[in-house]
Amino acid sequence: MRGFSNLACLALLLVAAGRAGAADRKQPADDLQGIAGGFVDLLAAGDFAAAVKRFDPAMTAALPADKLRDVWKSLNTQAGAFQKQTGTRVAKESGYQVVFVACAFEKAVLEAKIVFDGSKRIAGLFFVPLSARSEYTPPAYARPGAYGEADVRVGRSDWSLPGTLSTPAGQGLVPGVVLVHGSGPLDRDETVGPNRPFRDLALGLASRGIAVLRYDKRTKVYAARLQAESDRLTLNEETIADAVEAVRLLRGSRRVDASRVFVLGHSLGGVALPRIASLEPGIAGFVMLATPSRPLQEAYLEQMAYLAALDGVTTPEERARLESIRHQVERVATHDATAAAGADRPDDLPLGLGRAYWDDLARHDAGEAATLLRGPVLVLQGGRDYQVTRADFEGWRRLLAGRTDVAFRIYPTLNHLFMEGEGMGTPDEYLVAGHVAAEVVEQIATWVKDRPAATPARS
């Protein structure tokens, strides 16, 4: 993965850059389909120098040939060797002409989503599951008529984010929950392929008398702007600052009891909870879903090793890639003069994230949760999750041991998205439409409704 990382899915977004403006001029679909297919051919042939010649200036700066090569290698590590193109389709999104090229890899079928500007240059490149365009079907536990939804804006004008507030029907004050995403440029539903786990949670909880606020992530809404500032990006800019604004917005909502606002963090969103709590005192409680208790780089290395070994064979190419990742992980802990000066090469650090990001994470380890989460905590884990594992769950048991206001539960058959499955977890199951398990929704709803109001924060 490259650009803004995503541990919650298979290469959801590799890079997004480009500008609006000339993109509104239509191009013949067959012409762009040919260009898109030829671009994928260049990737498959390993001719990255020729491939980047198709980019617009912003993409050229964000994803030069060496980075594009690493993106492709990382994709091969996760999805297996590229096999063939199986078709194309065209669309128009936000004024841009888009061509989707279906690509069969050894372990998965993905679409290369190629965004064109008005001059037929590539202004954005994504790899998404083939079924990502599937229509959403609400889960059975969502009760029509039991809630309403309204569009809202989260945050200050310079980083304003679109969101949705789901509010139970009826009168009177209700508790509320803010949903905080995992890593990557995710939308308010935390969309992964055809799955919308945050939408499931919002509809399920709102059906049970709890208001829920969810919103598009800053790294999705302002991807190009943040790409230009990637050397300064930290978890604060990616997640924390906007989550704090979301808590403040929910507290001020007409139907919400301001003393009973909770924050739920999924994956990396759970890692952010202690810092959210320190910036916005008086939160009524915290829910951790599949939250790493180990350093992010360690979880990443373990995840990549797991994927490489899934088919029972680790190829020489996969071993070389894992060794490269091992060196990147070791580099995270290096603080020599070169690193301090910000001179790390693109390949020096994991996930394409800059020195500022990793140094910021190092300053805030999981142990902060014990002291900064001043309120009850619910820790939930899927037993089939290969991205955040039982080792992380047991890590939270140790870190939060001795507290009487913490509850733990593991669901043996659920994956990272808290959806049902069988056998070893694989990336392919994210391509199958499902819903957050009803028992998870019921557990969270019961826990939230049973918690008392927060003690007012001292000034």
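The figures here come from the full heavy-atom set of this structure, side chains too, leaving out hydrogens, waters and symmetry mates.
Side chain of Y306 to backbone of G425: a donor-acceptor contact under 3.5 angstrom is found. At distances below 3.5 Å, not a single donor-acceptor pair connects side-chain atoms of Q85 with backbone N or O atoms of V101. At distances below 3.5 Å, at least one donor-acceptor pair connects side-chain atoms of N195 with backbone N or O atoms of G434. The main-chain N or O of D189 is found under 3.5 Å from a side-chain atom of D187 such that the two form a donor-acceptor pair. Under a 3.5 Å cut-off, the side chain of R196 and the backbone N or O of Y136 do not form any donor-acceptor pair. Judged by distance alone, the side chain of H266 and the main-chain N or O of H416 form a donor-acceptor pair under 3.5 Å.
Residues E238 and G184 approach most closely at OE2-N, 3.4 Å, considering heavy atoms. Counting all heavy atoms, side chain and backbone alike, L205 lies closest to V441 at CD2-O, 3.8 Å. Residues V40 and C103 share a closest heavy-atom pair of CG1-SG, 3.9 Å. Taking both residues in full, the closest heavy atoms of T137 and H435 are given as O-CE1, 2.6 Å, listed atom of the first, atom of the second, then distance. In terms of heavy atoms, I325 sits closest to M304 at CD1-CG, 3.8 Å. Between L68 and F55, the shortest heavy-atom distance links the atoms CD2-CZ, 4.1 Å.
Distance check: T389 OG1 to E394 CD gives 9.5 Å after rounding to the nearest 0.5 Å. From E429, atom CD reaches atom CG of N415 across 4.5 Å, with rounding to the nearest 0.5 Å. Note that CG of L414 and CG of L380 are 9.5 Å apart. Values are rounded to the nearest 0.5 Å. To the nearest 0.5 Å, the span separating CG on L301 from CD on Q328 amounts to 10.0 Å. Note that CG of L378 is 7.5 Å distant from CG of L289, once rounded to the nearest 0.5 Å. Within the model, atoms CZ of F82 and CG of L43 stand 8.5 Å from one another, a figure rounded to the nearest 0.5 Å.
Using a 4.0 Å cut-off between charged nitrogen and carboxylate oxygen, K217 and E190 do not count as a salt-bridge pair. Using a 4.0 Å cut-off between charged side-chain N and carboxylate O, E237 and R232 make no salt bridge. By the 4.0 Å N-to-carboxylate-O rule, R355 lies close enough to D359 to be salt-bridged with it. Contact check on D360 versus R275 returns a salt bridge, with a Lys/Arg side-chain nitrogen under 4.0 Å from an Asp/Glu carboxylate oxygen. Salt-bridge formation is not detected for the pair R384/E422: no Lys NZ or Arg NE/NH1/NH2 atom is positioned less than 4.0 Å from an Asp or Glu carboxylate oxygen. Between R188 and D216 there is a salt bridge, since at least one side-chain N of the basic residue sits less than 4.0 Å from a carboxylate O of the acidic one. Salt bridge annotation for E280-R248: present, with a cationic side-chain nitrogen under 4.0 angstrom from a carboxylate oxygen. A salt bridge is absent between R199 and E149: the closest approach of a Lys/Arg side-chain nitrogen to an acidic carboxylate oxygen does not fall below 4.0 angstrom.
Looking at residues two or more places apart in sequence or on another chain, you find a side-chain contact (heavy atoms from CB on, under 4.5 Å) between A202 and S166, V212, R214. Residues satisfying the side-chain contact (heavy atoms from CB on, under 4.5 Å) test with A258, not counting sequence neighbours, are R251. Under the ring-ring contact (aromatic ring centres under 6.0 Å, His included) criterion, W396 pairs with no residue, sequence neighbours left out. With sequence neighbours excluded, the residues that form a side-chain contact (heavy atoms from CB on, under 4.5 Å) with T413 are E420. Applying the side-chain contact (heavy atoms from CB on, under 4.5 Å) test to P295 and every residue at least two apart in sequence or in another chain returns Q297, E298.
In summary, the side chains of D392 and Q381 do not present any donor paired with an acceptor at a separation below 3.5 Å, with no hydrogens or angles considered. A donor-acceptor pair shorter than 3.5 Å cannot be found between the side chains of Y357 and N236. The closest side-chain donor-acceptor pair between T167 and R255, if any, does not fall under 3.5 angstrom. Side-chain contact annotation: S259 with D257, donor-acceptor N/O pair under 3.5 Å present.
The shortest distance between side-chain heavy atoms of V247 and V263 falls below 4.5 Å. Using a 4.5 Å heavy-atom cutoff, the side chains of D200 and Y141 are in contact. Counting heavy atoms from C-beta on, the side chains of L307 and Y386 come closer than 4.5 Å. Put simply, the side chain of L417 does not reach to within 4.5 Å of the side chain of V436, judged on heavy atoms. Counting only heavy atoms from C-beta outward, the side chains of L226 and L233 approach each other to under 4.5 Å. Counting only heavy atoms from C-beta outward, the side chains of V388 and T291 never approach each other to under 4.5 Å. Residues W447 and P376 meet the side-chain proximity criterion, which asks for heavy atoms closer than 4.5 Å. Contact check for M288 versus L373: side-chain heavy atoms found under the 4.5 Å cut-off.
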- Steps toward side chain to side chain contact (heavy atoms under 4.5 Å, CB included) verdict (V177, L213): CA-CA 6 Å; V177 176; L213 175 59; over 6 Å; no
- Check the pair L361 / L235 against side chain to side chain contact (heavy atoms under 4.5 Å, CB included), numbers first and verdict last. CA-CA 7 Å; L361 287 181; L235 186 60; 4.0 Å; yes
- Output, in order, the C-alpha distance, side-chain angles, deciding distance and verdict of side chain to side chain contact (heavy atoms under 4.5 Å, CB included) for V152 and L249. CA-CA 9 Å; V152 296; L249 176 64; 4.1 Å; yes
- Item | Verdict with reasoning, I283 to I276, per side chain to side chain contact (heavy atoms under 4.5 Å, CB included) | CA-CA 9 Å; I283 293 171; I276 295 167; 4.1 Å; yes
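Side-chain rings of F127 and F100 stay apart, their centers remaining 6.0 Å or farther from each other. Aromatic ring centroids of Y215 and H181 lie under 6.0 Å apart. Between W72 and F105, the ring center distance clears the sub-6.0 Å criterion.
Cation-pi geometry between R397 and F408 is satisfied (NZ or CZ under 6.0 Å from the ring centre, within 45° of the ring normal).
Among residues at least two apart or in separate chains, ring-ring contact (aromatic ring centres under 6.0 Å, His included) pairs with a member in residues 143-167 are W159-Y222.
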